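Order of the sequence lines fixes the chain letters, A, B, ..., with proteins taken first and strands second; residue numbering starts at 1 for each chain. Remember, predicted model here, so these are calculated numbers, not experimental data. Computed from heavy atoms alone, side chains included, the values below leave out hydrogens, waters and symmetry copies.
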Amino acid sequence: MGDMSTIKTNIQASRPKYLSPTRGCVQLWSQTMIPTTREAPGDAQTPSHIFLTRAGYIRRVGAGIYNYLPLAWRSLKKISAIVRDEMDQAGASEMLMPALMPVELYSGTKRDVDYGDLLFTLEDRHGRKAALGPTHEEVITDLMCSSLNSYKQFPLNLYQIQTKFRDEFRPRAGLLRCREFIMKDAYSFHLDLEGDAGLNTTYDKMYQAYTNIFTRCGLDFSAVEAEAGPIGGSASHEFMVNCESGEDTILVCPETGYAANVEKAEIGPRDWSFDVTSDVEITMHHTPGMPGIEGVADHLGVTAAGMLKSIVMRTTEDTPRWVVAVVRGDHEVNEAKVRDAVGTSVELAPEAEAQAAGFSIGYVSPRATETIESILVVDPDTLHDANWATGADEKDHHVTGFNWARDMSTSIAADKVKVADIRNAHAGDPSPRAKGVLLVERKGIEVGHIFKLGTKYSDAMGLNVLDKNQKKQSVIMGCYGIGVSRTLSACVEMSNDDNGIIWPASIAPYHAQIIVIKPKEEGVLEEANKLASELAEQGIDVLIDDRDERPGPKFKDADLVGLPVRFIISPKTIEANSVEFKARLDAGKAQMIDRNDAIQSALDSLATAQNRRIAD
RNA sequence: CAGGGUGUAGCUCAGCUUGGUAGAGCGUCUGGUUUGGGACCAGAAGGUCGCAGGUUCAAGUCCUGUCUCCCUGACCA
C-alpha cells in the first residue's frame, strides 16, 4: 500500500504539465454538446472563426458576443489554469471584482471621457448611471485607497480572470475582437521603481510569467517592445502570437531577436550629412490646391521619396514652442519619437493657430524655421541627397531643387537643427541592435500586454501612503493583461489546416479522441472505455466518439475538433489485439499499432504536439 | 462613426429584374437497405420571407422608414 502510493507520487511528479495532474476525464460525445457543421456560417471569414464555429466550440449570440460551448469552455479553463498557476508562482493573488460599477468611478480619471463610446453604460431603476467594466484600474485603485495604508504592504500584485465589456466600434473575426470577452488583468502596487519591492522587479517577474504562460499554451509568440506610457523607456511589452493573418505588425532584428511594434521600433544608425552639393537650382512651381504629397509629386514629376514632408507640431508645455518635423515624403512622422528628440511631449499643431503663426500649412518646408522661431527636427533619410522637392512656404506653391547646405546655410551653421530618428520604421530599415542587419516585418495577434503605469491612477484618485520617513508618497502601479478568450482563437488562427484545428496538448479540450466504429457491436464500446480508462490513468483527457454514425463523418469531425491524438477502435482492431492510432499533426490515415503500445504512443505524440512550435 | 454589403426553414443559399399557392441542398425525425474519409431509397416535421408603414384586387418581390449582422478604416486583450 505504502509502496503503491510512493510510486504514484513519483509518476505524477514526472508527469508533463500539459497532462492532468490527477486522473484525466473521460466523456462521451453523445452526452455532451458538440454541434459540428459541414458548412461555415456566411459571416465567418477568418480561420479561427470558421473552425471554432464549424467544430462546435462557439456560437454567435450577437455582434461580438458568443456562447462558449463545452469544448471551448474546457480549453478556456485550461488556459485559465495555466495563467493562475504562473501568476500565483510569480507572487500574485487572485481576487474578483464586479463587472458592474458606478460610472462615477470613471469620472475621477476622466476615462469616462477618454474611453468614450467604448464604455458600456446603463442606468438602474433609480436613474443612477452604471458601467460595465472594460478594465479595472479604477475599481482596484479605489479599493486600495481604503485598504492600502502602510509602506509595509508593498509590493502587492492582485489579479482576476473575468468577463470584460467594451463597446467596440467594430467587433470582428469571431473571438478575436469581442464586445464581451474573458481577460486576466493584474495590478501591482509599489513605492519604488527599483529594488525587491519595486515596480521594475514585479514587471520583470510578470514578463517571465507571461513568457511561461504562452510557452505552456504551446504558442509561437514574440515579446515585443510597445509604445511606452508616461514613464518612458521600454516600459511596455506586448506578447504577440506569430501568425500571418494577425492584424498587428512587428519588426524583428533577425540577428539579435530585438522585436518591437511598428509604432515603437527604433531604426539603427544611418549615415547623413548636410553637405551634399547639387547644381540644380531651386525653382518655384505653382501647385494650386495640392497640399498632399502624392498629388504634388505627380504634378512635379518626382516620386514621394524625392520629397520632404514637413509636419508642424508644438510642444504641450505651458508656453508651447513650435516644432517642425521633417521626414521623406514616403515616410510617416512618429509622434513619440519626436517627443523623445525634443525632450518634451508634442502634439500636432492645430491648423488655424499654425497658420496664424505664419506657417503655410500644406506647403511648409524646413525653411519656415528660418523666419518662425521653432525647433527643427530632421530624419537622417532626408540628408543624403541634395535635390529635394518640398513646400515653398507660400500657399499653392512648391519648390524643386532644394538643397540643405545651400538653401538653409544659416540655420544649419547656427546648429539650430536636431537630426534624429523620428519616423515609423519599416521592413528593410537598419536594425538598432546589430550593424549591417536589416529589420524584418512579421504579423501577430496581441494576446498579452504588460505596462508600467506609474502614478497616473494613484494621482488621479489620491492613492498614497506614508513611507518609512513619514512622507506621503503616490503609489506606483503596473498593470498586466492577458486576453484569455483571444488566446484561444489566436491559437487556432496560428495552427490549423484545411480540415480543421490542430491543438497543442496543453489547451486542447481533450488530449485524445477515441473513435468507435460500429459501437453497437458486442464488446466494442467496452474496449473503448477500457482504453479510455488506461489513458485517463496517465492524466490524459479522453473524448469517446460513441455516436452510431458511419466512419466518414466521425473522421471528418475528429479532424475539425483537432485533438492531438486519435485512436480508432472497431471489431477489426479488437480481433487483431491492436488499435489504430493517428496524431492530428500527421497526414494520411491511421496506423495499426499493438494494443500494448497504445498508451506510450499517445504520450509520445502529445509531447510532439506540445513542443513543435516552440522548437520552430 | 463613415463607406460598401446583407437579412427567406436549425445551417448554406435560390426566388426579387418582370407582384399571382414558399423553394433546393445539408441537418433533424420515421421505416428500410447499408457501414473505414461527410452512403442510398421511401416518407415526415420545420418558414407570419428582420420589423413597421405604404402602393396594389394581390407584396418575399415595388416604395418609405427602422433595426440586425458582415466587410473596409482610427482603437485595443
If you look at every strand shown and take non-hydrogen atoms under 4.0 Å, does [X] touch a base, only sugar-phosphate, or nothing?
X      : result
A:R547 : nothing
A:Q45  : sugar-phosphate
A:K518 : sugar-phosphate
A:S570 : base
A:A590 : nothing

Between [N] and [X], is there an OP1 or OP2 to side-chain N/O distance shorter than 4.0 Å?
X      : N     : answer
A:R60  : B:C69 : no
A:K589 : B:G37 : yes
A:R38  : B:G25 : no

Take the protein atom [atom1] of [X] and the nucleotide atom [atom2] of [N], then report the distance between them rounded to whole Å.
X      : N     : atom1 : atom2 : result
A:N499 : B:G37 : CG    : P     : 14 Å
A:I445 : B:C76 : CD1   : P     : 18 Å
A:R170 : B:C69 : CZ    : C1'   : 12 Å

- Evaluate whether the aromatic ring of A:F181 and the six-membered ring of the B:A77 base sit under 5.5 Å apart, centre to centre, with an inclination under 30°. yes
- Smallest heavy-atom separation, A:A490 atom then A:L176 atom, equals N-CD2, 4.1 Å
- Message: Can you see whether A:Y510 has A:R74 sitting over its ring - NZ or CZ less than 6.0 Å from the centre and within 45° of the normal?
- Response: yes
